[in-house]
Amino acid sequence: MVRSAATKDDAQALFQSLRSAYSATPTNLKIIDLYVAFSVSTALIQVVYMAIVGSFPFNSFLSGVLSCVGTAVLSVCLRIQVNKENKEFNDLPPERAFADFVLCNLVLHLVIMNFLG
Amino acid sequence: MASKVGIIVVVLAIASIYGAMAVFHTISESHRSAALELFSPVTGSFSSLEEAYEALRTLEVLGIKKKPDVKDHTCKSVVDTLSSVSSNSKDLYHALQVNGLLTCTISKGALTDVVSRLKEAVKDATSLLDYYHSVGGLLLVKHQNSEVDVILENADGILRSIKALSQSDGRWRYSSNNPESSTYAAGLAFETISGVISLAASPVDENLIGTLKKDIVKLFDSIEKYDDGSYYFDDKHIDASGHQGLLSATSAVVRGLTKFASTSESLNIPEDKILGLARFFLGVGVPGNSKDLYYQIDALSHLENNRVSVPLILSLPATVLSLTCKDKLKVKVSTVLGSTAPPLSVKLMQVFSSGSKDASVLRQELHFDPKEAIYTLDALPEGVDIGEYIFAFEIVLSDPEHKRKFATGGRTKVPVHVTGVVKVDNAKVAVLEGDIVESEKKLVLPGKNDLSLSANHLQKLQLSFVLTTPSGKPFKPHQAFLKLRHETGVEHIFIVGNSGKHFEITLDFLGLVEKFYYLSGQYDTVLTVGDAVMENSFLQPLGSIELDLPKAPEKAPQPPPQAVNPYSRYGPKAEIAHIFRAPEKRPPQEVSFAFLGLVLVPFLGFLVGLLRLGVNLKNFPTSPVPATFAILFHGGIAAVLLLYAFFWLKLDLFTTLKTLGVIGIFLMFVGHRTLSHLASASAKLKSA
C-alpha cells in the first residue's frame, strides 16, 4: 500500500515535471508536435476503419496510411533541424529546413495521389 | 472322256444360245439432244472447217435445222479458204466439204482456180493423205457444180500408185517411207479409189478393180467380233489426226466400202458382217464426245442405204412384260436411222426359258399394225410363266428381190423378263417344344401382322409358307430371309429354305444361344421375300418374340457394338454460362460516411490546438514586394495541392507531371525569394 501510494505519487510528480518542462519549449516546436499528433491520429482512425470493413481497396488504405505516416516523419525531421538546442544543425537556416519540408511533402503527396487509385 | 466331251458340248450349246443375244435400239431422240449439246459452238462459230463439217453433217443426218448466223460466219470462212493462195489441198478439201452442206455462193472463176490447184496436187501427190484430200476435193466440186470441168487423166496411174501403198493383210500405209499401216488408212484409201474411178476420163482397167475388190475382202478377214454379234475393226496404231479408236477405224472402213460399192457392182461381203457393223455402231449408245458421235452417225448414214446390203434392226420397245397388266409383246423393225423397213413379216420361232437349251419350235406370226409400224403378239405362248426368257425371232421379207438388198440376220435372240404376282399361302408361325406344337398363329402375307410370341432356349420357332406363280407352278425367289432384331440393335439373318412350293425354316434356340450372344429380351421379326420378276416382293415386319435365354458364361463373346447415333455425338452440347467473379463486399454507406466524419475530427483538433497555442501571422512581410512573393508562395503550394486533387479525379500522370514541372519551377523561384527574405529578416533581428 505504501509502495503503490509511493508509485502513484512518483508518477504524478513525474507527469508534473514533464508538463512544466514541455511548456518551456518554443512555440514553433509545439506547432510541429501538434501537427505530428494530428497526422498520427488520422492514421489510427484509418486503421480502425480498415479493421472494421476489411481491406478491399488495399492500395487506397496503404496510400492513406502512408500519407499520414510520411508527413509525420517529415515533420519530425523538420523539428530536429529547427530545434535551436541541436548543435549539429547550427549552420542550417530554419527557412532552408522548411523549404525541404515543403518540397518533400509535395513529392510524397504526388506519389500518394498516384497510388490512391 | 465321253462325259467330258458331253459337258463341253453342253457348254458350247448354252454359249451359242446366250451368244448373239442383246437388244439394239435405233437412233432416237437421245442422239438428237446429245448432238445439239455437243455441236453447238460456244463462241458462235466453229474453230476449224473440219469441225464445222463434222457438226453440220451430224446435224443434217439427224434432221436438225442449223442456225442461220452460224451459216454466214462459216460461209465467209469457206470463201476465204478457197480463194486464199496459202491453202493446201487439206484446207481446200474441208472447205469444199462444208460448202457441200451449206451451199455458199462461190464464183465459177474461184472454183475453176480451185480445180486447177487440186489437179496440180494430184499430180504432185506422194502420200495417201495427199491423194485423199485432192481427189476428194475434186469429187466434191463435181457434185456441187456441174458446169466446172473435173476430169482426171491417167486414172490408172493414180490407182496404181495408191495400190502401191497397200499391204498384204488388207491394211494401208500412209506413205512409202513410213512403214506404219492402219485400218483407218485402208478406209481412206478405198474412199479415194472410188473417187478416182468416178472422176476417170476413160473406164479404168477391170483387172485393177478386181485386185482392189480382193483387197477389201482381205481387209474384212481382219474384222473382230463381240459376243453380242457386233463386228468392228480395231486399229492398234494411232491415225493421222491422233485420234485412236475402234469407232474411227470402223467408220472409215464403212465409208470406204460403201463409196466403193456405189461405183461398181458385185462386191462380195457377207450380209451378217454388214449387220454386225450396224450393230456395233448402234451398240455404242450415245457417245460422250463430238468426234465419236460424228463417226457413229456418219457411218450409220452410209449404212442406211448402201449398195452392198442394208441392215434391218429388230428391237423391242419394252423387254419387261407384266402378266397382271396383260402386256402384249411388241417388236419394231426398221433401218439403222429409224426409217421404215420394206414389207416383211416377223415370226416368233422359239422361246427358251433361262437355263434350258431346248425349246419347242413355235412359228407364231406377229400381227402388223401399219399406223404405229409395230408387230404385236396377241397372246404369249402357252407355258410362259413369270421368269426370264430368251425369245428368238425371224424376219421374212415379203419380196424375194429384197433378200439381196437387205440384211436381216437370220434368228435374232432377245432376252425378255415376264413378271407377275406371286401368291403366298398357308403362312404360319409355331413355337415347338420338342416336336409338339405349343402355340401356333396364322399369318397374312403380304399384309400387316402383329405377333407376340414367347419362347425359351429349349424350344424351337418354325415359320412356313407356300409360294405359287400365277399359273400355279412352284416358285423360288432370289431372296427369302427371316431377320431377328434385338432391342439393343443386334441383328441375325436366316435364309428360308424350300422343297418345291413349300418354304420352311426352323430356329432351334438351343443351338443358337451362343450366336445370339446370350441376349434375352424382345426380338422384332421381319420376313423378306423378293425377286426381279415378282411384282409383289415384300419386306414385312411380323411382330415380336420374347426370348428367354440362359445367362452368359464368363468367356462368352460380346455382341458387336452398335453404331452411335450421330445426332447425339455430333449434335449441339449444353450451353455454358459464364460465371462472373463475385464483386467484393463493400461496407454500408453509413459506416463509410461516419468514418469520413471521424477522419476530419483530428484536423479540427489541429486547428483548435493552433488557436490554443496562440499562432499569429506577425512574421508575415508587410512591405509590398516581399508580401506579393509570400502570397505567391502560398498560392503556389495551394495550386500544387489543387493539381493533385485534379490528378486524383481525372488527369493522368503525364499531364500532371508536365503541369507540376511548370508550377514547381515557379514555386521554387518564389519560395526562394520569400524564404531568403525571411532569413535575412531574422538574421537582422538576431544581430540587432
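All values derive from a computational prediction rather than experimental measurement. In what follows, chains carry the letters A, B, and so on, assigned in the order in which the sequence lines appear, proteins first and then strands, with residues in each chain numbered from 1.
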Under a 4.5 Å cutoff for heavy-atom pairs, which residue among [options] has the most contacts with chain A?
options                        : result
B:L667, B:V601, B:L613         : B:L613
B:S676, B:A683, B:A645, B:S592 : B:S592
B:L643, B:V591, B:L675, B:L678 : B:L675

Using non-hydrogen atoms and a 4.5 Å limit, figure out which bit of [X] sits close to chain A: side chain, backbone, both or neither.
X      : answer
B:F603 : both
B:V599 : both
B:L600 : neither
B:F646 : neither

Is [X] close to chain B through its backbone or its side chain, or both, or neither, when contacts mean heavy atoms under 4.5 Å?
X     : answer
A:F98 : side chain
A:P94 : neither
A:Y49 : both
A:V40 : neither
A:I52 : side chain

What is the distance from atom [atom1] of [X] to atom [atom2] of [Y], rounded to the nearest 0.5 Å?
X      : Y      : atom1 : atom2 : answer
A:M113 : B:L649 : CE    : CG    : 8.0 Å
A:L110 : B:L653 : CG    : CG    : 6.5 Å
A:K30  : B:R612 : NZ    : CZ    : 10.5 Å
B:Y644 : A:N114 : OH    : CG    : 10.5 Å
A:E95  : B:S680 : CD    : OG    : 8.5 Å
A:L44  : B:L598 : CG    : CG    : 12.0 Å

Sort out for me which of A:I112, A:T27, A:T42, A:L106 touches chain B most, counting heavy-atom pairs under 4.5 Å.
A:L106
Out of A:S41, A:G64, A:P57, return the one with the most heavy atom pairs under 4.5 angstrom to chain B.
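Of A:S41, A:G64, A:P57, A:S41 has the most heavy-atom pairs under 4.5 Å with chain B.
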Ignoring hydrogens, what is the shortest heavy-atom contact between A:I45 and B:P602? Give both atom names and the distance.
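Smallest interatomic distance, heavy atoms only, reads CD1-CG, 3.7 Å.
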Nearest heavy atoms of A:L116 and B:W648, plus distance in Å
CD2-NE1, 3.4 Å
Is the number of heavy atoms from other residues, nucleotides or ligands under 6.0 Å of B:E491 CD greater than 12?
yes
For B:K515, is the NZ atom crowded, meaning more than 12 foreign heavy atoms sit under 6.0 Å from it?
yes
For residues A:V48 and B:F595, determine if any side-chain heavy atom of one lies less than 4.5 Å from a side-chain heavy atom of the other.
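When only atoms from C-beta onward are counted, B:F595 and A:V48 do touch, with a gap below 4.5 Å.
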